[in-house]
Novice: 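Just passing along the structure, written as structure tokens.
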Number of protein chains: 2
Amino acid sequence: MAPRAASKTAESSDKVSVICRALRRAIIEQALEPGAKLPEDSLGERFGVSRTIARHALGQLAAEGLVELRRNRIAVVATPSWQDARDAFDVRIQLERLVVRQLAGKLTKVQIEELNAHVDAEDRARGGSDPVSIRLATEFHILLAHMTNSPILIRYVSEIAYRCCLTLSLFSRPHSSECAINEHRAIIAALIKGDEEKVMSLMHSHLDSVAGRALVSPVPQRGRDLLDILAPYAEAAEGGRVVKLPKAVRGR
Amino acid sequence: MAPRAASKTAESSDKVSVICRALRRAIIEQALEPGAKLPEDSLGERFGVSRTIARHALGQLAAEGLVELRRNRIAVVATPSWQDARDAFDVRIQLERLVVRQLAGKLTKVQIEELNAHVDAEDRARGGSDPVSIRLATEFHILLAHMTNSPILIRYVSEIAYRCCLTLSLFSRPHSSECAINEHRAIIAALIKGDEEKVMSLMHSHLDSVAGRALVSPVPQRGRDLLDILAPYAEAAEGGRVVKLPKAVRGR
DNA sequence: TGCGCACGAATTGCATGCACTTTGATGCGC
DNA sequence: GCGCATCAAAGTGCATGCAATTCGTGCGCA
């Protein structure tokens, strides 16, 4: 009942967290596509800090699953597998059911206004550029999570929402989030009404349908991991020796 | 269905992850109590690495919520509030329901043996020292999570299980996990039988009762944050001036 | 033309150094 | 004896430097 102070999630120093926020945003707005390289030097230079700090930021983002870090290799924006995406949505549904259960009937007037304002912003952005509307849709869920005042819930929901958002840029059809806004409005209405069961099932089906629209096929449209895509062909060609890829393709 | 490779969760270089593992274990075995100081120098010296690496490890653990990092201050083992603990268990219950739902009826013979072996180990440790049996109980849940082969689930369940374990060392009565072993056995049995609903409710009530045993009162038994514990007394004494603590107590 | 190899550039892994902040202890005034 | 200012010791924040590894490109060879 008593409101607790919202504690900052790790993110020690400001410089590091600034970089993290910037990169997170760039990633979910698809300015940085999955697989994009993130060299420490460039990041440091871009943000006016040393490699040490950039490195630390990359470490944090890797812990969140947005960045992939392999020893002695340039960090890249994560490229989750289709199965990862499914798992992420499964977990996400449970977490967000928890969120709305806690929130049902307990929203303050200010919070309701905040939510409405956010959905209005989503509405306005609908005609605008894709990346922004995707980000806003994601941030709606994060906003809800913040209202629980539960640091753990906030952290996990934010993290997983970002990751789901990232997978959208991999697997989703060109555009598929138009109707989400109405579903957001419906959730707000149910939250105000205070029916726990109703709002939980609304959130559940909302996320289900987002996942459904997004994860239409287990095959990525965008030509990310070429080697994996070509794997079946290589197997089919077996009987000869292993198919060797020309360097131009292997590289990137 | 197809088994996926278990991906390492961030934890870039080996040196860092070794330190993380060591500290995690020390923390959940209560060799390091909540509030214990973790100076970068000492860690580095102890593990034969530079401050840079120790620092990075602390960053990771802070991201997991096991360590608290405040600017310009020595890192300390996290001291979750009672409310944090409640929230953690709420989330944990949902996540672990998901785990056992995915696992119900799908365990391989090897996995069953592995689980039985683990519970046997718990049994053997029962008479032994407390910290080890607590760790084993926690690791049972982590072992289950691993069997889902879902990196996200593995990461979140591990993380939150460690955190819950940490709170146990703060709030739990001297010893309270005796009967957990039988509950673990029951869960294994239900998993083998394959009844999703049954195993989910078993896990739910198991964690509920662990939480219930642990979080008996919103007041910590152990004398952590002295100032907070004394706050009510100070208030009661109001009318005079603010009660000032002698230095010996204030310090640590 | 296509493939392999080797070398230079780019990049990471890690330690160390310096500046700044916090800590806590000592000594002084009351 | 108690409180407070002052100062050294300890610790963190961050950048930089060097070694090791990877990446990419051009050359030689089939």
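A, B, ... follow the sequence lines: proteins, then strands. Residue 1 opens every chain.
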Novice: Check the distance between dT21(C)'s P and Arg73(B)'s CZ and give it to me in whole angstrom.
Specialist: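 Rounded to the whole Å, the gap is 13 Å.
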Novice: Whole angstroms only, please: what is the CD-P distance between Glu45(A) and dA15(D)?
Specialist: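 Distance, rounded to whole Å: 13 Å.
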Novice: Side-chain N or O of Arg71(B) less than 4.0 angstrom from OP1 or OP2 on dT22(C)?
Specialist: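 Answer is no, no contact under 4.0 Å.
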Novice: Show every salt bridge (charged side-chain N to carboxylate O under 4.0 Å, His left out) that has at least one partner inside residues 159-170 of chain A, sequence neighbours left out.
Specialist: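 Qualifying pairs: Arg155(A)-Glu159(A), Glu159(A)-Arg155(B).
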Novice: Take the protein atom NE2 of His56(A) and the nucleotide atom C1' of dT12(D), then report the distance between them rounded to whole Å.
Specialist: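 In whole Å, dT12(D) C1' and His56(A) NE2 are 12 Å from each other.
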Novice: Closer than 4.0 angstrom, basic N to acidic O: yes or no for Arg24(A) and Glu64(A)?
Specialist: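 The answer is yes: the pair qualifies as a salt bridge.
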Novice: Hey, which sits more toward the 5' end of DNA chain D by its nearest nucleotide, Val49(A) or Ile74(A)?
Specialist: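 Checking each residue's closest nucleotide, the 5'-ward one belongs to Val49(A).
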Novice: I need the CD1-P distance between Ile19(B) and dA15(C), as an integer number of Å.
Specialist: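 Rounding to the nearest Å, CD1 of Ile19(B) and P of dA15(C) are 9 Å apart.
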Novice: Taking only the side-chain nitrogens and oxygens of Arg55(B), find out if one of them lies under 4.0 Å from OP1 or OP2 of dT12(D).
Specialist: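 No, because none of the side-chain N or O atoms of Arg55(B) sits under 4.0 Å from OP1 or OP2 of dT12(D).
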Novice: List the residues meeting side chain to side chain donor-acceptor pair (under 3.5 Å) with Gln102(B), not counting sequence neighbours, and say none if there are none.
Specialist: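 By the side chain to side chain donor-acceptor pair (under 3.5 Å) rule, Gln102(B) matches no residue at all.
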Novice: Report the distance from atom CG of Leu43(A) to atom P of dA15(D), rounded to the nearest whole Å.
Specialist: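 Rounded to the whole Å, the gap is 13 Å.
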Novice: Report, one line per pair, each donor and acceptor closer than 3.5 Å where one atom sits in a side chain of residues 135-142 of chain B; sequence neighbours left out.
Specialist:
from: Arg135(B); atom 1: NE; to: Glu29(B); atom 2: OE2; distance (Å): 2.3
from: Arg135(B); atom 1: NH1; to: Glu139(B); atom 2: OE1; distance (Å): 3.1
from: Arg135(B); atom 1: NH1; to: Glu139(B); atom 2: OE2; distance (Å): 3.3
from: Arg135(B); atom 1: NH2; to: Glu29(B); atom 2: OE2; distance (Å): 3.2
from: Thr138(B); atom 1: OG1; to: Ile134(B); atom 2: O; distance (Å): 3.2
from: His141(B); atom 1: ND1; to: Glu96(B); atom 2: OE1; distance (Å): 2.8
from: His141(B); atom 1: ND1; to: Glu96(B); atom 2: OE2; distance (Å): 3.2
from: His141(B); atom 1: NE2; to: His184(B); atom 2: NE2; distance (Å): 3.3
from: His141(B); atom 1: NE2; to: His206(B); atom 2: NE2; distance (Å): 3.2

Novice: Is there a side-chain polar atom (N or O) of Lys37(B) under 4.0 Å from OP1 or OP2 of dT23(C)?
Specialist: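 For Lys37(B), the contact criterion (side-chain N or O under 4.0 Å from OP1 or OP2 of dT23(C)) is not met.
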Novice: Who passes side chain to side chain donor-acceptor pair (under 3.5 Å) against Thr52(A), sequence neighbours left out?
Specialist: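 Per chain and number, Thr52(A) pairs via side chain to side chain donor-acceptor pair (under 3.5 Å) with Ser50(A).
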Novice: Whole-Å distance between dA10(D) P and Leu38(B) CG?
Specialist: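 Rounding to the nearest Å, CG of Leu38(B) and P of dA10(D) are 19 Å apart.
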Novice: If you assign each of Gly48(B) and Asp41(A) to its closest nucleotide in DNA chain C, which residue comes earlier from the 5' end?
Specialist: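 The answer here is Asp41(A).
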Novice: Tell me the interatomic distance from Arg70(B), atom CZ, to dT22(C), atom P, rounded to whole angstroms.
Specialist: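 After rounding, the reported distance stands at 11 Å.
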Novice: Given the rule in the side-chain hydrogen bond (donor to acceptor under 3.5 Å, both in side chains) test, do Asp90(B) and Gln94(B) qualify, once you have shown the distances and angles that lead to the verdict?
Specialist: CA-CA 7 Å; Asp90(B) 281 350; Gln94(B) 297 306 316; over 6 Å; no
Novice: For nucleotides 16-20 of chain D, tabulate all protein N/O to nucleotide N/O atom pairs closer than 3.5 Å, reporting atom names and distance.
Specialist:
from: dT16(D); atom 1: O4; to: Thr52(A); atom 2: OG1; distance (Å): 3.2
from: dG17(D); atom 1: O6; to: Arg51(A); atom 2: NH2; distance (Å): 3.1

Novice: Considering residues at least two apart in sequence or located in another chain, which fulfil the salt bridge (Lys or Arg N to Asp or Glu O under 4.0 Å) criterion with Arg51(B)?
Specialist: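 Partners of Arg51(B) by the salt bridge (Lys or Arg N to Asp or Glu O under 4.0 Å) criterion, ordered by chain and then number, come out as Glu40(B), Asp41(B).
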Novice: Tell me the interatomic distance from Leu69(A), atom CG, to dT11(C), atom C1', rounded to whole angstroms.
Specialist: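 Taking atom C1' of dT11(C) as the reference, CG of Leu69(A) is at 13 Å.
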